[in-house]
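Only heavy atoms go into these numbers, but all of them, side chains included; no hydrogens, no water, no symmetry mates.
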Amino acid sequence: MSTISQAGQRINALLDENSFVEIGALVSARATDFNLKQTETPSDGVITGYGVIDGNLVYVYSQDASVLNGTVGEMHAKKIANLYDLAMKMGAPVIGLLDSAGLRLQEATDALNGFGEIYLKQTLASGVIPQITAVFGTCGGGLAISAGITDFTFMEADKAKLFVNAPNALDGNSVAKCDTSSAKFQSEEAGTVDFVADEASVLAKIRELVSMLPANNAEIAVSDCTDDLNRGCPDLANCVGDTSIALSQIADNGVFVEVKQNFAKDMVTGFIKLNGATIGAVANRTEVYNDEGKVEEKFDAVISANGAKKAADFVNFCDAFEIPVLSLTNAKGFLADKCNEKKIADAAAKLTYAFANATVPKVNVVIGKAYGSAYVTMNSKAIGADITMAWPSAEIGTMDASLAAKIICDGQGADAIDACAKEYAALQNNVTSAAKRGYVDQIVEPVDTRKYIIGAFEMLAAKCEGRPEKKHGTV
């Protein structure tokens with residue numbers, strides 16, 4: 001690059017210093033309609049190449065909005081498709097930095113075909129190499145579909161726009177009423193975006209995420225561990241509510257990379273390291289603490305449809321890339337309201353399927369309530385958890401003892417119901433009862449949770465589990 005555009009600056013800020021090597025710098029549009037022949041299209045509006053992040057090979061493309069507004073034409077798309085071919089041959093992640101007005105209208109069907117070529121390459125790469133997208137400007141129409149195919153999506157907080165249909169094109173809506181293209185909407189309401197921050201923080205977060213992920217589905221993500229493997233977590237028992245804090249305490253050196261942090265906050269998903277190995281974590285949450293240590297949101301200990309879908313997608317990613325899965329369970333049922341009821345059966349089925357279908361090592365820790373089908377869905381031993389642990393205070397059963405007593409002693413007095421509730425809690429909901437039946441493998445104190453989890457995953461490192469021969473499931 002003779003002059004460094006904003007697109008080039010983003011690449012240089014993302015990669016290790018002086019590591020970027022550009023490919024296809026002289027490629028330009030070959031279409032001539034609508035005076036394109038007279039228009040300079042350096043690199044055809046997209047800079048492509050490779051470099052390293054913390055010494056790890058990655059392939060990067062960055063759209064240049066200064067060239068025909070970064071629109072996707074025939075040669076623009078071919079450059080991206082070629083980059084995917086190289087990444088697949090080498091087994092390395094692809095990172096796309098998006099800033100484009102979308103389809104190049106002057107190239108019509110050639111541009112449409114280009115979109116299709118990109119979709120195909122992304123589909124073939126899915127589950128083979130990690131795909132990361134970061135939106136810094138406009139990402140609309142067909143380009144939003146491309147972002148949706150990738151594994152993780154980042155958005156710049158203020159200027160980035162992500163949409164299939166523009167806000168003003170929606171019946172009864174306008175940008176002033178609800179900016180459906182904003183990072184806030186896409187991360188909090190739609191759940192399509194994993195991280196939202198300023199540009200510099202987005203690039204830093206991508207580096208952090210890449211350091212957690214394997215380069216491909218045949219590589220195990222392991223690094224040196226500098227934390228004490230036997231370190232206790234004395235404050236862990238106080239983190240039952242906000243499990244994002246619990247996971248950071250369990251993790252090596254307190255590092256937890258949370259994904260989809262702003263969406264379905266009743267469910268936490270993200271990556272930690274345990275003894276240097278990357279682990280995917282899924283946890284129910286009932287409280288959200290702010291930076292000042294105060295509770296800013298509260299939820300009932302139930303699974304929502306959005307939370308179930310968020311967790312299912314995450315578990316599927318982990319299984320595809322051989323990343324072991326840890327779950328922290330605290331759920332007494334499913335969210336009960338009309339809006340949620342429209343989606344919960346399907347979403348809970350997908351979560352159940354994701355846990356049951358995953359063949360990676362799976363460890364479940366029951367840290368609170370574990371009642372009914374919600375408990376079964378959350379990576380229980382019944383659907384394939386390899387090791388199930390529980391804290392002494394955990395409650396495992398069909399439902400809360402007081403509710404069970406009202407059903408069992410229907411028509412009897414309050415004293416009888418109260419006595420029945422106490423008996424039910426002692427006989428059925430006690431964690432020891434579940435352990436006696438083999439549904440819990442270990443009862444561990446909260447302070448010792450980290451070392452027991454590390455031990456379990458080390459034991460499961462060589463796990464090999466078969467599945468019935470089939471093309472793929474349908475859930």
Residue pair I396, Y439: steps toward the side chain to side chain contact (heavy atoms under 4.5 Å, CB included) verdict: CA-CA 9 Å; I396 302 174; Y439 305 135; 5.9 Å; no
Indicate every side-chain donor-acceptor pair of residues 206-216 with a distance under 3.5 Å to a residue at least two apart or in another chain.
residue : atom : partner : partner atom : Å
R207    : NH1  : L14     : O            : 2.8
R207    : NH1  : D16     : OD1          : 3.1
R207    : NH2  : D16     : OD1          : 3.0
R207    : NH2  : D54     : OD1          : 3.0
E208    : OE1  : K205    : NZ           : 3.1
S211    : OG   : E208    : O            : 2.5
N216    : OD1  : A218    : N            : 2.9
N216    : OD1  : E219    : N            : 3.2
N216    : ND2  : G91     : O            : 2.8

Within 6.0 Å of [atom1] in [X], more than 12 heavy atoms from elsewhere:
X    : atom1 : value
E341 : CD    : no
M90  : CE    : no
Y452 : OH    : no
D224 : CG    : no

Would [X] and [Y] count as having a side-chain donor-acceptor pair, cut-off 3.5 Å?
X    : Y    : result
S146 : Q122 : yes
N275 : E458 : yes
T329 : N364 : yes

Using side-chain heavy atoms (C-beta onward) and a distance below 4.5 Å, is [X] in contact with [Y]?
X    : Y    : value
T449 : I453 : yes
I387 : Q442 : yes
T153 : T192 : no
D319 : T359 : yes
V363 : L460 : yes
R450 : D252 : yes
V72  : F115 : yes
V259 : F195 : yes

Look at [X] together with [Y] and state whether they make a salt bridge at an N to O cut-off of under 4.0 Å.
X    : Y    : answer
K309 : D313 : yes
R285 : E258 : yes
R10  : E199 : yes
K184 : D179 : no
K463 : D386 : yes
K159 : E156 : no

Kindly compute the distance separating [atom1] ([X]) from [atom2] ([Y]), expressed to the nearest 0.5 Å.
X    : Y    : atom1 : atom2 : answer
L143 : T133 : CG    : OG1   : 8.5 Å
K121 : I80  : NZ    : CD1   : 12.5 Å
Y84  : T123 : OH    : OG1   : 9.5 Å
I47  : Q63  : CD1   : CD    : 10.5 Å
N306 : E188 : CG    : CD    : 12.5 Å
S304 : K265 : OG    : NZ    : 12.5 Å

For [X] against [Y], the heavy-atom pair lying closest together:
X    : Y    : answer
A92  : I129 : O-CD1, 3.4 Å
V431 : I443 : CG1-CD1, 4.1 Å
L236 : Q249 : N-OE1, 3.5 Å
E287 : F299 : N-CD1, 4.4 Å
L229 : K451 : O-CB, 3.5 Å
N217 : E322 : O-CG, 4.0 Å

Is it the case that the side chain of [X] and the backbone of [Y] share a donor-acceptor pair, with hydrogens and angles ignored and the cut-off at 3.5 Å?
X    : Y    : result
K79  : G24  : yes
S100 : G102 : yes
S62  : A7   : yes
S5   : G8   : yes
N69  : T71  : no
D151 : Q131 : yes
E297 : V288 : no
D194 : F154 : no
K369 : A301 : no

Contacts of D266 that satisfy salt bridge (Lys or Arg N to Asp or Glu O under 4.0 Å) - sequence neighbours left out: none
Parallel, tilted or perpendicular: ring planes of F152 versus F271, cut at 30 and 60 degrees: perpendicular
